[in-house]
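By convention here, the first residue in the shown sequence is residue 1.
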Amino acid sequence: MSKFDFLSSEIFGDAESFMEQRKRYASLKRSELESIPENELVFAVTSWIEGKFSEDWRNMGEVINSMPTPCIKVYCANHIKNEVQSGGFGQAFFNTSRDFIGIAAEGFRALEYNSPANIIEEALKLNFSVKSGGKTTGRSIEDFLEFAANDDYNKLDEDFRNKFSNEKFNRLARSYILKYAKYFGN
């Protein structure tokens, strides 16, 4: 997460306050969970998880794989939600693995938010049959532009935007996080 991620945040007005809160939540305490506002709790727990990543995020997979299942589900659901909201499924598949996206669908199901889970699962099915041979990643801007130009995801991008509610996600995630509070924070 960079300080430019505040642009997609409805919580923070500037990059400095975003990064300040992110650093604060890197040492999140379980005892704090209930007092964190609903619209900030997912940010708090994902900041706590990302606080365990090395500065270059090379150990991201290792850290996520070492986390308890509730943490993985919330993290992946939030991460893929952010990818799809900022650049659609083309960006999500380009930037992350199918496994990560599949876990996001499981995460939405665990939160009992099934419409995003259904859309993500449709995107996964489509991705396996994309005309480009199922290409999911690349390393250059040309690769990204070629992959993102695929119009196959347009309907799913629109469905996600129309059916997804940040307020509902935050409410359901709060309930789930508090139910499994023993896994979140130090």
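By the 30° and 60° cut-offs, the orientation of the rings of F164 relative to F108 is perpendicular. Using the six-membered ring where Trp is involved, H79 and Y75 have ring planes that are parallel, under 30° apart on the 30 and 60° scheme.
Contact check on E121 versus R109 returns a salt bridge, with a Lys/Arg side-chain nitrogen under 4.0 Å from an Asp/Glu carboxylate oxygen.
Within the 3.5 Å criterion, the main-chain N or O of V74 finds no donor-acceptor partner in the side chain of N78. Side-chain atoms of R174 come within 3.5 Å of backbone N or O of E34 as a donor-acceptor pair.
Nearest heavy-atom pair, L111 versus A173, reported as atom, atom and distance to 0.1 Å: CD2-CA, 3.7 Å. The heavy-atom pair separating A104 from I80 by the smallest distance is CB-CG1, 3.5 Å. Across every non-hydrogen atom of A117 and A105, the tightest pair is CB-O, 3.5 Å. Residue E50 comes nearest to W57 through the heavy atom pair OE2-CH2, 3.5 Å, listed as atom of the first residue, atom of the second, then distance. A pairwise comparison of heavy atoms in Y183 and C71 identifies O-SG, 3.1 Å as the closest pair. Nearest heavy-atom pair, F89 versus D157, reported as atom, atom and distance to 0.1 Å: N-OD1, 2.7 Å.
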Y25/E32 under side-chain hydrogen bond (donor to acceptor under 3.5 Å, both in side chains): CA gap, chis, key distance, verdict: CA-CA 10 Å; Y25 286 135; E32 297 176 288; over 6 Å; no
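If you check the side chains of N186 and R30, you find no donor sitting under 3.5 Å from an acceptor. Between the side chains of S86 and Q91, at least one donor-acceptor pair of N or O atoms lies under 3.5 Å. A donor and an acceptor atom, one from each side chain of E83 and N95, are located under 3.5 Å apart.
Aromatic rings from Y180 and F184 are positioned such that their centres are separated by 6.0 Å or more.
Distance check, rounded to the nearest 0.5 Å: CD1 of I64 to CD1 of I49 gives 7.5 Å. With rounding to the nearest 0.5 Å, the separation of CG in N154 from CD in E158 is 8.5 Å.
Remark: of the listed residues V84, L126, N127, N127 is the sole one forming a side-chain contact (heavy atoms from CB on, under 4.5 Å) with F93.
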